[in-house]
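Reviewing the structure listed below.
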Amino acid sequence: MLEVPVKSSERNQLIDVTELVQVAVSKSKAKDGICVIYCPHTTAAVTINESADPAVVRDILSKLRGLVPHDAGYSHTEGNADAHIKSALVGNSRIVLVKGGKLILGQWEGLFLCEFDGPRSRKLLVSVLKE
Ligand code: ZN
């Protein structure tokens, strides 16, 4: 298992981590298998979506902000209840196929760490299970 450190710079931010995860896969020396990407944080998440047009990321963050406002009378009093809810909605793991040592993603796809309570130092846990 490898740790991929990621630093966020905004409270809500999608950070393209495709290359960082690919480096971890390459370090594992696995050629074919499945890559598990796990986000061990309760106010962050990991997802796959379009990385070609940055407007997509802006739309995702904008819609999540609308669905889950920052301050809406939540029971959790740390001031980051919205971040916990967004993390639950997006999810904390993804699985990507690995072929020839490369992550197999669609032409327009990228892997994103989703920060909902930044800026913070985060990490992703990456493990490749060989075929
Ligand atoms: Zn909290």
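We count ligands from 1, going down the list as the structure has it; atoms in each ligand are counted the same way. Predicted model, so just to flag it, every value in this text is computed and none were measured.
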>> What I'd like to find out is whether the side chain of Val46 reaches to under 4.5 Å of the side chain of Leu111, using heavy atoms alone.
In response: yes

> Quick one: side-chain contact (heavy atoms from CB on, under 4.5 Å) partners of Asp71, sequence neighbours excluded?
Replying inline: none

> Any salt bridge between Lys130 and Asp32, counting N to O under 4.0 Å?
Replying inline: no

> Judged by modelled atom types alone, do Arg120 and His41 share a side-chain donor-acceptor pair under 3.5 Å?
Replying inline: no

> Taking only protein atoms, how many N, O or S atoms are found under 2.8 Å from the Zn ion (ligand 1)?
Replying inline: 4

>> Checking Pro54 now: which residues fulfil side-chain contact (heavy atoms from CB on, under 4.5 Å) with it, not counting sequence neighbours?
In response: Arg58

> Partners of Ser75 by side-chain hydrogen bond (donor to acceptor under 3.5 Å, both in side chains), sequence neighbours excluded?
Replying inline: none

